[in-house]
Engineer: 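Would you mind keeping the following structure in view while I ask a few things?
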Amino acid sequence: ELPAPLLDDTYTKELGEEETADKPEDFQDSMKIAWRYQNLPKVETSPTTSTKFGHYYDISKTMSPELFQSVKWHSFYLPEELSLQSKMKTCNMNSAYAKLLQSIQRIIYQEGFDGSDPQKKRKNILRIGIQSLGSMLWGDDICSTDTSEDTHSLTKFLYILRGLLRKSLSACIITMPAHLIQNKAIMERVTNLSDMVVGLESFIGSERETNTLYKDYHGLVHVHQIPRLNSLICDVSDTKDLAFRLKRKLFTIE
């Protein structure tokens with residue numbers, strides 16, 4: 001169910017159609033007077049409105065099977081990896097986390113992403129995505145109880161993962177059900193063990209849903225931490241007032 005990527009020759013057209021559809025008629029008519037400002041957005045949006053940066057996706061479509069099969073990828077499905085005989089803890093760590101670390105380490109070394117070895121040929125970056133870390137799906141109980149059986153499993157996993165990422169040509173993005181984790185100390189440790197931390201706050205079910213200030217948006221984007229590698233001072237973002245909205249084809253942050 002991954003969204004369909006917009007290729008170089010189509011992303012400009014797709015974005016243009018989306019922006020035009022969002023502008024009300026009276027706004028378009030009024031801008032005819034000041035023609036030089038006609039193409040300027042109403043608010044200061046992200047830098048991607050004028051120049052392409054990164055990748056764009058059409059969330060109204062899914063990625064074609066042909067494109068998906070042409071990409072080299074590895075998967076980790078816990079029920080297949082965790083046999084009955086291997087349900088034992090390693091270094092006081094959740095067995096699911098230990099299995100995942102072994103899988104990541106094996107891919108790094110077997111596929112040639114190890115940074116300590118000279119590269120025989122030019123390599124791309126190994127991109128790792130881990131979903132709902134800390135949830136019951138991983139056999140962790142930090143979401144269901146304040147006195148977890150092994151409260152340090154998650155932090156040990158992240159600490160070892162940082163070591164693997166630092167010495168390899170790889171990057172990792174992790175999602176966590178932070179709204180289910182009541183222990184603030186655990187979330188502080190997770191933040192300290194991460195390079196960048198962002199959070200999404202939906203307006204659904206909250207009083208902000210009816211607030212006129214947020215009528216054009218579906219939620220807020222919180223920037224909790226910004227990367228500051230190899231630096232003695234922290235990086236400060238230009239603005240912390242960020243919101244997201246789900247358009248017909250695009251998910252935008254403004």
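For clarity, every value in this text was computed on a predicted model and none was experimentally measured.
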Engineer: Kindly work out whether a path of hydrophobic side-chain contacts (I/L/V/M/F/W/Y, heavy atoms less than 4.5 Å apart) joins Y109 to I160.
Structural biologist: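 No, it is not one cluster - the side chains of Y109 and I160 are not joined through contacts under 4.5 Å.
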
Engineer: Can you sort out the partners of E201 under side chain to side chain contact (heavy atoms under 4.5 Å, CB included), two or more places apart, ordered by chain and number?
Structural biologist: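 Once residues adjacent in sequence are excluded, the partners of E201 under the side chain to side chain contact (heavy atoms under 4.5 Å, CB included) criterion are R208, L220, H222.
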
Engineer: Y217 and F203: ring-ring contact (aromatic ring centres under 6.0 Å, His included), yes or no, with the steps?
Structural biologist: CA-CA 8 Å; Y217 302 98; F203 291 155; 8.0 Å; no

Engineer: Testing the basics here: between H218 and L246, what is the closest heavy-atom pair and its distance to 0.1 Å?
Structural biologist: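 In terms of heavy atoms, the two residues are closest at ND1-N, 2.8 Å.
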
Engineer: Hey, could you give me the CD/CG distance between Q182 and L180, rounded to the nearest 0.5 Å?
Structural biologist: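 One finds 8.0 Å between CD of Q182 and CG of L180.
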
Engineer: What is the distance from atom CG of L250 to atom CG of L6, rounded to the nearest 0.5 Å?
Structural biologist: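 Answer for the CG-CG pair, L250 versus L6, is 7.0 Å.
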
Engineer: Applying side-chain contact (heavy atoms from CB on, under 4.5 Å) to L164 and L101, what does each step give before you reach the verdict?
Structural biologist: CA-CA 9 Å; L164 287 174; L101 284 172; 4.1 Å; yes

Engineer: In Å and rounded to the nearest 0.5 Å, what is the CG to CD1 distance from L165 to I104?
Structural biologist: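 Output value for this atom pair is 7.5 Å.
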
Engineer: Ignoring hydrogens, what is the shortest heavy-atom contact between K247 and E254? Give both atom names and the distance.
Structural biologist: NZ-OE2, 4.4 Å

Engineer: Are side-chain heavy atoms of L169 and I108 found at a separation under 4.5 Å?
Structural biologist: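 Contact flag for L169/I108 side chains = no.
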
Engineer: Keeping the roles fixed (side chain from S168, backbone from D114), state whether a donor-acceptor pair exists under 3.5 Å.
Structural biologist: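 No.
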
Engineer: What donor-acceptor contacts under 3.5 angstrom involve side-chain atoms of residues 124-137, with partners at least two apart or in another chain?
Structural biologist:
| residue | atom | partner | partner atom | Å |
| --- | --- | --- | --- | --- |
| S135 | OG | S132 | O | 2.7 |
| S135 | OG | L137 | N | 3.3 |

Engineer: Look up atom OG in S103 and atom CZ in F76, then write down how far apart they are to the nearest 0.5 Å.
Structural biologist: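 One finds 5.5 Å between OG of S103 and CZ of F76.
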
Engineer: Which atom pair, heavy atoms only, marks the closest approach of S60 to R248?
Structural biologist: CB-O, 3.6 Å

Engineer: Output the distance between atom NE2 (H74) and atom CD (E111), rounded to the nearest 0.5 Å.
Structural biologist: 4.0 Å

Engineer: Before you tell me yes or no, could you show the steps for S153 and Y97 under side-chain contact (heavy atoms from CB on, under 4.5 Å), namely the whole-Å CA-CA distance, both residues' side-chain angles and the distance that decides it to 0.1 Å?
Structural biologist: CA-CA 8 Å; S153 272; Y97 294 155; 3.9 Å; yes

Engineer: Do the side chains of V197 and M176 join up, straight or via other hydrophobic residues, at under 4.5 Å, putting them in one cluster?
Structural biologist: no

Engineer: I'd like to know whether F244 forms a ring-ring contact (aromatic ring centres under 6.0 Å, His included) with F251, so could you lay out the CA-CA distance, the side-chain angles of the two residues, the decisive distance to 0.1 Å, and finally the verdict.
Structural biologist: CA-CA 7 Å; F244 70 85; F251 175 89; 5.2 Å; yes

Engineer: Would you say the side chain of N183 lies within less than 4.5 Å of the side chain of I142, judging by non-hydrogen atoms?
Structural biologist: no

Engineer: If you define the side chain from C-beta out and look only at heavy atoms, does anything of L67 sit under 4.5 Å from P5?
Structural biologist: yes

Engineer: Tell me the closest heavy-atom pair linking A98 and M93, and the distance in Å.
Structural biologist: N-SD, 3.8 Å

Engineer: Do R189 and N192 come close enough that some side-chain heavy atom pair is under 4.5 Å?
Structural biologist: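 Not in contact.
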
Engineer: Is it possible for you to say whether L200 and I253 belong to one hydrophobic cluster, with membership spreading through side-chain heavy-atom contacts below 4.5 Å?
Structural biologist: yes

Engineer: Run the numbers on L161 and I174 for side-chain contact (heavy atoms from CB on, under 4.5 Å), then give the verdict.
Structural biologist: CA-CA 11 Å; L161 179 63; I174 298 174; 3.9 Å; yes

Engineer: Which pair of heavy atoms, one from S194 and one from Q225, lies closest together, and at what distance?
Structural biologist: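 That closest heavy-atom pairing would be O-NE2, 2.5 Å.
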
Engineer: To the nearest 0.5 Å, what is the distance between CG (L154) and CG (N94)?
Structural biologist: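 Answer for the CG-CG pair, L154 versus N94, is 9.5 Å.
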
Engineer: Output all residues satisfying side chain to side chain contact (heavy atoms under 4.5 Å, CB included) with L193, sequence neighbours left out; order by chain, then residue number.
Structural biologist: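 Only T155, L158, Y159, R162 meet the side chain to side chain contact (heavy atoms under 4.5 Å, CB included) criterion with L193.
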
